Asker: 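One structure follows; several queries about it will come next.
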Amino acid sequence: MTVLVYAEHDNSQLKSETAKLVHAATKIGGDIHVLVAGSNCEGIASEAAKIDDVAKVLLVDNENFEHQLAENTADLLVEIGKDYSHILASASTTGKNFMPRVAALLDVAQLSDVIGVESDDTFVRPIYAGNAIATVQSSDSIKVLTVRASAFDAQATGNNAEIEKLDKGSEAKGVSFVGEELTESERPELGAAEIVISGGRGMQNGENFALLEGIADKLGAAIGASRAAVDAGFVPNDMQVGQTGKIVAPQLYIAVGISGAIQHLAGMKDSKVIVAINKDEEAPIFQVADYGLVGDLFDILPELEKSV
Amino acid sequence: MKILVPVKRAIDYNVKVRVKADNSGVDLTNAKMAINPFCEIAVEEAVRLKEKGIAEEVVVVSVGNKSCQEQIRTALALGADRGIQIDTDESLDSLQIAKLLAKVVEKEAPKMVILGKQSIDSDNNQTGQMLAALTNMPQGTFASQVEVDGDSVKVTREIDGGLQTIALTLPAVVTTDLRLNEPRYASLPNIMKAKRKPLDVMPASDFGVELTSNVKVIKVEAPAQRKGGVKVADVAELVDKLKNEAKVI
Ligand SMILES: Cc1cc2nc3c(=O)[nH]c(=O)nc-3n(C[C@H](O)[C@H](O)[C@H](O)COP(=O)(O)OP(=O)(O)OC[C@H]3O[C@@H](n4cnc5c(N)ncnc54)[C@H](O)[C@@H]3O)c2cc1C
Ligand SMILES: Nc1ncnc2c1ncn2[C@@H]1O[C@H](COP(=O)(O)O)[C@@H](O)[C@H]1O
């Protein structure tokens, strides 16, 4: 039994998800290999080789994988992955994009958003926006899983695994990369931050998110948002937390001007400590908040910035 | 061109689900059902392409028992032209659904298949990608903008870092994200008109697709409930609690 973990990276940085996926893989058992597929990504492979319990890193450094498009990434994983018992990728927008293709081409099911490993064939995953938790058993010959990284601790580093270069990879057919608009931020990533402070419709506009920035800077926090705030154009889509946005589980989550719809809760209710700031004392967010503060955010936030 | 839109009947997104006492699943008795929100967005996008004169026909298809005809009719009321129900009582995985849809694609030869990115019950986010793989089509998932230009389509995708734009050669698969459009409400005359639009029913067993799943649900449980916490009086008390009680700042 050997588990293949697809390394999450952007060609310049190995994402923190990868060590968490390796941790999930250790619970399955067997050897663990990590696949780094990208362009000019040798450095990523060296980083991945440091993760404990990784037996081998496979490196496919090919310009065809610069954007990790689903079509050829899936073909690569099918070619390499057919000799493995399990294939794991992060339940990120990258993993979610190509993994179902991998599963379909291998003619097996895919299990999405795995948050627990019970054994080598039994896994735990949330359904209905996290309002139910299913334990499922797969009898497929190869188990294809996307893993919710926030549900696992990071595997320690200090290893020095062997790196094997593979000369593989074809061009993606029928698709070409046109461009991207990536949000630049000095702050920690939403998925990896210890503290997240999020704003909702109650923020009223994008400029008012500056009120969260001051606090985020002092706390070293990432900034998130509700769907309503994103839809209204206050902030970009990559800040959305929830069922259909990012799933976060930081030490501290501060929800400001967010009502607490189930779809939002799905993305943050596993945070260790939740703080809610809302002027409506009946807002559902208070039912999950450890500390609730009823009041006007425009009074509270400036004071909070001064006190932390 | 023809656009195929697979739609799913799912629990209404406002309903708070309950897990069955025997942990065999979620209790759907008398629960309000609706068209999965992402599928509604897919129908809306297809209908808009028709209104712009880019598409000629919008065909909706749903896999499920007779009750999913209700959601097909909803899609027809929103402006789709004709419906197909693939009749089955089995609860299928995305892989089997994708295989059935692949057969429909073979027969109907659409230029574009627009699906929702995700069902809000299974939260799978798989069917579109699987269908694309099985039919050897390129895919544009999590779309927030779709622009057809001759024989290709430009798709702007919502990704973790921001937005990505790709160009796909048609035929292609697109899956919708929430910000692609805001679906219209069906007017009463359109709801009446939808009743007369054609709806074909085909037994799933006729498709030559193996309908058994290799994934067994062992149990379904309610998530750990958070204990409701306390209300604090002011910012000073909040900061004190976070520092000295929760020790998170
Ligand atoms: C299929 C689907 C998927 C979805 N996915 C997501 C998702 O991933 N993430 C997500 O967040 N939502 C998602 N939603 C939307 C969700 O249902 C809610 O509509 C959304 O979360 C509401 O955002 P909000 O809390 O910011 O806005 P509202 O519900 O409008 O709440 C605003 C809150 O701000 C408070 N407020 C206003 N002014 C002030 C003030 N001055 N001071 C203090 N408080 C104030 C109000 O009391 C209110 O509680 C999804 C919906 C659907 C149908
Ligand atoms: N039973 C079904 N019938 C028709 N289309 C479906 C069905 N199940 C899923 N789909 C389509 O696939 C999309 C993604 O679903 P899923 O992969 O289950 O999250 C949905 O939004 C639908 O467009």
Side-chain angles (χ1 to χ4, degrees), chain A residues 70-71 74 92-93 96-97 100-101 103-105 109-110 112-113 122 126-140 173-183 219 227 231 236-238 244 251-252 262 269 272-273 275 287-294 300 303-304 307-308, chain B residues 13 16-17 19 26 93-95 98 118 120-126 129-130 132-134 137-139 141-142 144 154 158-169 172 178-179 213-223 226 228-232 235-236 238-239 241-242 246 248-249:
Chain A
E71 290 76 1
S92 63
T93 50
K96 284 174 179 172
N97 195 33
R101 283 186 84 102
L105 295 171
Q110 187 209 280
S112 299
D113 264 311
T122 306
I127 52 177
Y128 291 88
N131 289 299
I133 306 293
T135 302
V136 295
Q137 187 174 33
S138 162
S139 58
D140 277 323
K173 297 246 168 46
V175 54
S176 58
F177 175 84
V178 177
E180 60 194 2
E181 265 174 63
L182 300 181
T183 310
L219 294 176
R227 175 188 169 192
D231 282 6
N237 64 282
D238 51 278
T244 51
Q251 292 294 305
L252 172 62
I262 49 173
K269 70 179 162 54
K272 181 158 173 269
V273 174
V275 169
Q287 292 164 18
V288 300
D290 301 283
Y291 303 110
L293 181 50
V294 180
I300 292 170
E303 203 187 326
L304 186 58
S307 333
V308 291
Chain B
Y13 76 94
K16 178 115 181 62
V17 301
V19 167
V26 163
D93 287 343
S94 294
L95 180 63
Q118 175 173 342
I120 62 161
D121 47 12
S122 67
D123 280 333
N124 265 350
N125 196 331
Q126 302 176 5
Q129 297 88 315
M130 287 182 159
L134 296 173
M137 284 194 252
Q139 68 184 45
T141 53
F142 328 146
S144 66
K154 215 156 84 183
E158 293 201 356
I159 58 169
D160 287 341
L163 295 171
Q164 179 193 60
T165 304
I166 53 175
L168 311 172
T169 314
L178 291 169
R179 278 167 284 275
S213 161
N214 285 340
V215 179
K216 196 166 85 198
V217 176
I218 306 225
K219 60 180 179 203
V220 174
E221 296 165 305
R226 288 190 83 96
V230 296
K231 292 256 168 62
V232 292
V235 169
L238 176 64
V239 172
K241 295 265 191 207
L242 291 178
V248 285
I249 59 170

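Please read all numbers here as calculations on a predicted model, not as lab measurements. Below, all heavy atoms of this structure are taken into account, side chains as well, without hydrogens, waters or symmetry copies. Protein chains get the first letters and strands the later ones, always in sequence-line order, with residue 1 at the start of each.
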Asker: So for B/Leu95, is it side chain, backbone, both, or neither that comes closer than 4.5 Å to the heavy atoms of chain A?
Answerer: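 Side chain only.
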Asker: Given a strict heavy-atom distance threshold of 4.5 Å, which part of A/Ile262 is in contact with chain B: side chain, backbone, both, or neither?
Answerer: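 When you check distances to chain B, only side chain atoms of A/Ile262 fall under 4.5 Å.
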Asker: Of the listed residues (A/Thr244, A/Val294, A/Val273, A/Leu252), which shares the most heavy-atom pairs with chain B below a 4.5 Å separation?
Answerer: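 Most pairs with chain B among the choices: A/Thr244.
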Asker: Who among B/Val220, B/Thr169, B/Thr165 has the most heavy-atom pairs with chain A under 4.5 Å?
Answerer: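 Most heavy-atom pairs under 4.5 Å with chain A: B/Thr165.
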Asker: May I ask you to name which of A/Gln251, A/Lys173, A/Lys96 has the most heavy-atom pairs under 4.5 Å with chain B?
Answerer: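 Sorted descending by pairs with chain B, the first entry is A/Lys96.
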Asker: Side chain, backbone, both or neither: which part of B/Ala98 has a heavy atom under 4.5 Å from chain A?
Answerer: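 When you check distances to chain A, no heavy atom of B/Ala98 falls under 4.5 Å.
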Asker: Of the backbone (N, CA, C, O) and the side chain (C-beta and beyond), which part of B/Val239 lies under 4.5 Å from a heavy atom of chain A, both, or neither?
Answerer: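 For B/Val239, the side chain is the part near chain A, not the backbone.
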Asker: Which one of A/Ala129, A/Ala109, A/Pro126 has the most heavy-atom pairs closer than 4.5 Å to chain B?
Answerer: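 Maximum pair count with chain B is reached by A/Ala129.
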Asker: What part of A/Leu304 gets within 4.5 angstrom of chain B, counting heavy atoms only: side chain, backbone, both, or neither?
Answerer: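 Both the backbone and the side chain of A/Leu304 come within 4.5 Å of chain B.
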Asker: Quick one: of B/Met137, B/Gln139, B/Lys154, who has the most non-hydrogen atom pairs under 4.5 Å with chain A?
Answerer: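 Highest number of pairs under 4.5 Å: B/Gln139.
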Asker: Please check if the side chain of A/Ser138 supplies one atom and the backbone of B/Val215 the other of a donor-acceptor pair under 3.5 Å.
Answerer: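 Side chain of A/Ser138 to backbone of B/Val215, a donor-acceptor pair under 3.5 Å: no, none is there.
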Asker: Strictly distance-based, threshold 3.5 Å: is any side-chain N or O of B/Arg226 a donor or acceptor partner for the main-chain N or O of A/Ala289?
Answerer: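 Not a single qualifying donor-acceptor pair exists.
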Asker: Just so I understand: if I count every heavy-atom pair under 4.5 Å between each of A/Ser92, A/Ala134, A/Gly179, A/Ala103 and chain B, which residue has the most?
Answerer: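 Ranked by contacts with chain B, first place is A/Gly179.
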Asker: Give the member of B/Lys231, B/Met130, B/Glu158, B/Gln126 that has the highest number of heavy-atom pairs under 4.5 Å with chain A.
Answerer: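 Option with the top pair count is B/Gln126.
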Asker: Between A/Glu180 and B/Leu163, is there a side-chain heavy-atom distance shorter than 4.5 Å?
Answerer: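 In short, these two side chains do not touch, never coming nearer than 4.5 Å.
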Asker: For each of B/Asn125, B/Val230, B/Asp93, B/Val217, tally heavy-atom pairs with chain A at distances under 4.5 Å, and name the one with the top tally.
Answerer: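 Looking at each option in turn, the highest pair count goes to B/Val230.
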Asker: Just give me the residue among A/Ala70, A/Ala74, A/Ala132, A/Pro236 that pairs up with chain B most often, heavy atom to heavy atom, under 4.5 Å.
Answerer: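 Maximum pair count with chain B is reached by A/Ala132.
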Asker: Would you say that A/Lys272 contacts B/Val248 through its side chain, given a criterion of any heavy-atom pair below 4.5 Å between the two side chains?
Answerer: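 Yes; the side chains approach each other to less than 4.5 Å.
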Asker: Go through the atoms of B/Leu238 and report whether side chain, backbone, both or neither lie under 4.5 Å from a heavy atom of chain A.
Answerer: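 Side chain only.
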Asker: Against chain B, label A/Glu303 side chain, backbone, both or neither, depending on which of its atoms sit under 4.5 Å from a heavy atom there.
Answerer: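 Contact with chain B involves both backbone and side-chain atoms of A/Glu303.
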Asker: Using a 6.0 Å cut-off, check whether atom CD of A/Glu181 has over 12 heavy atoms from anything other than its own residue.
Answerer: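 Not more than 12 within 6.0 Å, no.
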Asker: Restricting to non-hydrogen atoms, name the atom on B/Leu168 and the atom on A/Val175 that form the minimum distance, rounded to 0.1 Å.
Answerer: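 Between these two residues, the closest heavy atoms are CD2-CG2, 3.5 Å.
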Asker: Are the side chain of B/Thr141 and the backbone N or O of A/Asn97 linked by a donor-acceptor pair below 3.5 Å?
Answerer: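 No, B/Thr141 side chain to A/Asn97 backbone: no donor-acceptor pair under 3.5 Å.
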Asker: By a 4.5 Å heavy-atom criterion (distance strictly below it), what part of B/Gln118 contacts chain A: side chain, backbone, both, or neither?
Answerer: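 B/Gln118 touches chain A through side-chain heavy atoms alone.
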Asker: Looking only at heavy atoms, which two atoms of A/Arg101 and B/Ala132 are closest? And how far apart?
Answerer: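 Minimum heavy-atom contact is NH1-CB, 3.4 Å.
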Asker: Please check if the side chain of A/Asn131 supplies one atom and the backbone of B/Pro223 the other of a donor-acceptor pair under 3.5 Å.
Answerer: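 No; judged by distance alone, with no hydrogens or angles, the pair does not exist.
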Asker: Taking A/Ser112 for the side chain and B/Asn124 for the main chain, is one N or O donor matched with an acceptor at less than 3.5 Å?
Answerer: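 Between the backbone of B/Asn124 and the side chain of A/Ser112 there is a qualifying donor-acceptor contact (under 3.5 Å).
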Asker: Heavy-atom pairs under 4.5 Å with chain B - which of A/Val275, A/Ile133, A/Ile127 has more of them than the others?
Answerer: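 Heavy-atom pair counts peak at A/Ile133.
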Asker: Provide the closest heavy-atom pair for A/Tyr291 versus B/Val232 in the form atom of the first, atom of the second, distance.
Answerer: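 A/Tyr291 and B/Val232 have their closest heavy atoms at CD2-CG1, 4.2 Å.
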